[in-house]
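Report on one structure; see the data block that follows.
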2 protein chains.
Amino acid sequence: MDNTRDNMRKDAYDQIKYRIIHFEYIPGQKISEKLISTELNLGRTPIREALIRIEREELIEVIPQSGTYITRIDLQEAEDGRFVRESIEPRIMLQAATMMTPETKAKIQDNLKEQEKTAKLNQPDSFFDLDQDFHHLFYSLDNKDTVWSWLQMNNTQLNRFRRLRLKETDLNWQTLTKQHRLIYDAVINKDLDTIDYLIKEHLHLMLEEKGTVLNAYPDYFKVNDDDQVS
Amino acid sequence: MDNTRDNMRKDAYDQIKYRIIHFEYIPGQKISEKLISTELNLGRTPIREALIRIEREELIEVIPQSGTYITRIDLQEAEDGRFVRESIEPRIMLQAATMMTPETKAKIQDNLKEQEKTAKLNQPDSFFDLDQDFHHLFYSLDNKDTVWSWLQMNNTQLNRFRRLRLKETDLNWQTLTKQHRLIYDAVINKDLDTIDYLIKEHLHLMLEEKGTVLNAYPDYFKVNDDDQVS
DNA sequence: AGTACAATTCTTGTATATTAGTTTAAGTGA
DNA sequence: TCACTTAAACTAATATACAAGAATTGTACT
């Protein structure tokens with residue numbers, strides 16, 4: 001599935017991306033190939049080639065002869081990402097309703113239980129992963145894993161925002177798990193109108209609470225011309 | 001817009017991609033970094049880094065220590081690409097209908113005339129580009145250029161198929177231009193139901209005539225388990 | 001004290017050499 | 001003739017060296 005191949009390059013790619021996504025490298029921060037190369041104890045070439053991939057996901061920006069920088073989160077792109085996902089996922093869910101199998105049912109139910117457990121334990125990153133898994137399962141059911149991976153590629157900005165929000169506002173988790181369960185029930189009952197409504201509502205929620213997150217991490221975000229004209 | 005940067009790497013990227021898209025390098029063919037490096041009179045490093053980008057678009061596949069190969073067209077991925085585009089573009093067009101400006105009108109009308117001209121002159125690549133431009137204009141109108149570029153990234157398989165088809169079946173061009181004009185008229189008239197219908201029909205046509213194209217270029221395509229169980 | 005300039009340092013871009021794995025084919029034995 | 005082994009040739013993977021530009025810092029001059 002992943003086109004990053006053999007060992008060292010993939011290692012570098014995974015590690016660097018992990019650090020960006022989990023905000024160990026923070027938006028705006030300057031990193032350098034040599035820095036990482038010593039930090040990861042690798043030559044500069046695999047680092048460089050990993051960075052090319054990551055650049056394409058718009059998680060870093062490399063300015064020649066100057067430096068490599070972690071990009072700030074672009075809320076405009078996050079909106080576009082949501083738009084795309086809102087266009088696709090309702091169709092995915094409607095189709096999934098007609099294809100549900102016992103195995104998938106079991107997986108989803110396990111996932112839902114895990115979500116509730118994790119929500120109580122206050123582990124934002126685990127919760128994020130479970131949330132992702134939940135949605136992904138329906139794509140798999142439709143044999144649309146390719147589409148899912150495309151979405152992930154394009155939704156880096158949106159996903160960074162979501163991770164940040166989970167860190168900040170933990171009360172939100174209850175709402176999300178509850179919605180997930182309602183969606184699952186609607187799919188089981190093949191209640192098409194309800195599925196469509198719930199999914200749209202649910203996905204729309206992804207970009208809620210912008211204000212809270214923006215206040216908590218103001219310099220993690222790119223300044224767009226429209227927002228914040230004080 | 002493009003994240004390919006400075007001169008040499010971008011040169012390499014553009015040239016290699018051009019040759020793949022226009023089938024100068026044909027699907028299945030083995031290429032090698034050294035070969036291209038001498039062919040383009042460049043060092044191996046920029047080539048290599050360009051190839052990493054192209055690999056991500058699934059136009060080539062690199063097998064470590066063995067070789068780099070032009071991928072065959074994956075019709076399953078093409079279908080998924082169409083699915084995504086069918087999900088998005090109707091919404092784009094509906095929104096565009098409410099935002100039409102005189103300048104965009106002029107551009108589209110120019111484009112339509114060019115299409116008709118090019119269709120007569122039998123220039124498949126030019127026609128493909130005009131077709132692309134036509135659709136892109138509506139995305140721009142909605143400030144959704146980002147979405148358009150995502151789609152292009154994911155639709156390489158579909159686009160290669162479309163280019164091939166234009167080479168093969170030239171009678172199709174009349175149908176396409178006619179549909180484009182109908183779509184434009186519907187947008188101008190803000191006839192939402194018609195827009196929705198026409199766009200879905202039009203996009204669905206993208207993968208028509210699989211048989212003809214497959215017969216003409218059988219070994220350009222990946223063998224998927226479902227097709228051709230003779 | 002402030003500004004302009006120059007040199008040093010740091011960064012990525014590119015080329016080349018080395019390494020390691022894969023493939024191919026030749027060669028050897030039965 | 002065939003199966004197996006082995007070596008040679010080719011490929012991408014990685015490391016390293018060098019070049020060119022950007023940024024910073026220090027210094028001299030106003």
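In what follows, chains are A, B, ... by sequence order, proteins preceding strands, each numbered from 1.
- Taking atom CD1 of residue Ile63(B) and atom C1' of nucleotide dA20(C), one finds them 17 Å apart after rounding to whole Å.
- Atom CD of Glu49(B) is separated from atom P of dT12(C) by 12 Å (rounded to the nearest Å).
- We find the CZ-CG distance between Arg48(A) and Leu42(A) to be 15.0 Å, quoted to the nearest 0.5 Å.
- Considering only the side chain of Val62(A), dT12(C) comes nearest among dT14(D), dT12(C), dA15(C).
- Under the side chain to side chain contact (heavy atoms under 4.5 Å, CB included) criterion, Arg72(A) pairs with Pro27(A), Asp219(A), Lys222(A), sequence neighbours left out.
- Among the atoms of the strands shown, only primed sugar atoms or phosphate atoms (P, OP1, OP2) are found under 4.0 Å from some heavy atom of Ile31(A).
- For the pair Pro46(A) and Ser32(B), both in contact range of DNA chain D, the more 5′-proximal nearest nucleotide belongs to Ser32(B).
- Within the 4.0 Å cut-off from OP1 or OP2 of dG13(C), at least one side-chain nitrogen or oxygen of Arg48(A) is found.
- Both Thr45(A) and Gly67(A) lie near DNA chain C, and the one whose nearest nucleotide falls closer to the 5' end is Gly67(A).
- With Gln152(B) as the partner, the side-chain hydrogen bond (donor to acceptor under 3.5 Å, both in side chains) test is satisfied by one option alone out of His136(B), Glu57(B), Gln132(B): Gln132(B).
- When the C1' atom of dA15(C) is taken as reference, atom CZ of Arg44(B) falls 10 Å away, rounded to whole Å.
- The shortest side-chain heavy-atom distance between Glu89(A) and His202(A) does not fall under the 4.5 Å cut-off.
- In this structure, Thr118(A) contributes its side chain and Ser126(A) its backbone to no donor-acceptor pair below 3.5 Å.
- Whole-Å rounding puts the Met8(B) CE to dA19(D) P distance at 15 Å.
- Within residues 33-43 of chain B, the residues having any heavy atom under 4.0 Å from DNA chain C are, by residue number, Gly43(B).
- Between the NZ atom of Lys10(B) and the P atom of dG13(C) there is a distance of 15 Å, given to the nearest Å.
- The distance from atom CD1 of Ile47(A) to atom C1' of dT16(D) is 15 Å, rounded to the nearest whole Å.
- At least one donor-acceptor pair closer than 3.5 Å links the side chain of Arg82(A) to the backbone N or O of His204(A).
- When the side-chain nitrogen and oxygen atoms of Ser66(B) are compared with OP1 and OP2 of dG21(C), none of them lie within a distance under 4.0 Å.
- Residue Gln65(B) places no side-chain atom within donor-acceptor reach of the base of dT22(C), judged by atom type and a 3.5 Å distance cut-off alone.
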